[in-house]
Amino acid sequence: EVQLVESGGGLVQPGGSLRLSCAVSAFTFDDYRIGWFRQAPGKEREGVSCISSKDGATYYVDSVKGRFTISSDNAKNTVYLQMNSLKPEDTAVYYCGISEDYIGGCGLLWSWYRYWGQGTQVTVSS
């Protein structure tokens, strides 16, 4: 069964940085899209960023553009989310999701992602 394990969350002060990792196993499709989503208390799950292995496309929600960077290391079966200049409003549980990708591109509609990790907590507070 496909498994995704997020790691790298923690407590950081405003302006600090964290790098989240999403390790993927038992995913046998040649191409994929992976998305990072987050859910803060009392709010709906929000798409943050995504990447396609088909064409390399990436996308970021407006609130994180210029601060977050998504990348992948296929040799390690891992996707990363580098988060810089963190703000208190970035506080949330961060989840990664994956689906097979036949056409390229990516988007942040959570229903497009078939498999999900358990999440990692990011807390930005002074």
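Values below: every heavy atom of this structure, side chains too, minus hydrogens, waters and symmetry copies. None of these values were measured; they are calculated from a predicted model.
Annotation: disulfide bond (SG atoms under 2.5 Å apart) contacts involving residues 64-94, sequence neighbours excluded, are absent. Among pairs with a residue in residues 55-126, those fulfilling disulfide bond (SG atoms under 2.5 Å apart) read Cys22-Cys96, Cys50-Cys106, at least two apart in sequence or across chains.
Interatomic distance, Ser99 OG to Asp31 CG, rounded to the nearest 0.5 Å: 13.0 Å. Expressed to the nearest 0.5 Å, how far CZ of Arg33 lies from CG of Asp101 amounts to 4.0 Å. Between the CD atom of Glu100 and the OH atom of Tyr113 there is a distance of 12.0 Å, given to the nearest 0.5 Å. Atoms OG and CD, from Ser7 and Gln118 in turn, are 13.5 Å apart once rounded to the nearest 0.5 Å. Here the straight-line distance linking atom CZ of Arg114 with atom CZ of Phe27 works out to 8.0 Å at 0.5 Å rounding.
Between the side chain of Ser49 and the backbone N or O of Tyr59 there is at least one donor-acceptor pair closer than 3.5 Å.
Applying the side-chain hydrogen bond (donor to acceptor under 3.5 Å, both in side chains) test to Tyr32 and every residue at least two apart in sequence or in another chain returns Asn74. Residues passing the side chain to side chain contact (heavy atoms under 4.5 Å, CB included) test with Asn77, sequence neighbours excluded: none. Shown here are the ring-ring contact (aromatic ring centres under 6.0 Å, His included) partners of Tyr115, two or more places apart in sequence or in another chain: there are none.
Under the 4.5 Å side-chain heavy-atom criterion for ILVMFWY residues, a single connected hydrophobic cluster contains both Val2 and Phe29.
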Side-chain polar contacts of residues 79-87 - donor-acceptor pairs under 3.5 angstrom, sequence neighbours left out - could you list them?
residue: Gln82; atom: NE2; partner: Asn84; partner atom: OD1; Å: 3.0
residue: Asn84; atom: OD1; partner: Ser17; partner atom: OG; Å: 2.9

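Both cation-pi conditions hold for Arg45 and Tyr95: the charged atom is under 6.0 angstrom from the six-membered ring centre and inside a 45 degree cone around its axis.
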Next on the checklist: Using the rule given for side-chain contact (heavy atoms from CB on, under 4.5 Å), can you reason through Trp36 versus Glu6, listing the C-alpha separation, both sets of side-chain angles and the distance that settles it, and then say yes or no?
Outcome noted: CA-CA 10 Å; Trp36 283 99; Glu6 301 96 336; 3.9 Å; yes

Checklist entry - Can you check side-chain contact (heavy atoms from CB on, under 4.5 Å) on Val24 and Ile34, steps first, answer last? => result CA-CA 10 Å; Val24 182; Ile34 283 184; 4.0 Å; yes

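Checked against the 6.0 Å centroid threshold, Phe37 and Trp116 count as a close aromatic pair.
Side-chain contact between Pro14 and Pro88: present, with at least one pair of heavy atoms (C-beta onward) separated by less than 4.5 Å. In this structure, Ile98 and Leu4 have side chains that are in contact, with non-hydrogen atoms separated by less than 4.5 Å.
Applying the 6.0 Å contact sphere to CG of Asp73 captures more than 12 heavy atoms from other residues, nucleotides or ligands. By the neighbour-count criterion of 12 heavy atoms within 6.0 Å, atom CD of Glu89 is densely surrounded, having more than that number from other residues, nucleotides or ligands. Within a 6.0 Å radius of CD in Gln121, other residues, nucleotides and ligands contribute more than 12 heavy atoms. For Lys65, the NZ atom is densely surrounded, since the number of other residues' heavy atoms within 6.0 Å is greater than 12.
Taking every heavy atom of both residues into account, Ser63 and Arg38 meet most closely at OG-NH2, 3.4 Å. Here the closest non-hydrogen pair linking Thr69 and Tyr60 is CA-OH, 3.4 Å. Among all heavy-atom pairs drawn from Ala40 and Ala92, the shortest one is N-CB, 3.8 Å. Between Ser52 and Gly104, the shortest heavy-atom distance links the atoms OG-CA, 3.6 Å. Closest approach of Leu20 to Val122, counting heavy atoms only: CD2-CG2, 3.9 Å. Smallest separation of non-hydrogen atoms from Ser21 and Thr78: CB-CG2, 4.1 Å.
The pair Arg67-Asp90 meets the salt-bridge criterion, with a side-chain N (NZ, NE, NH1 or NH2) lying under 4.0 Å from an Asp/Glu carboxylate O.
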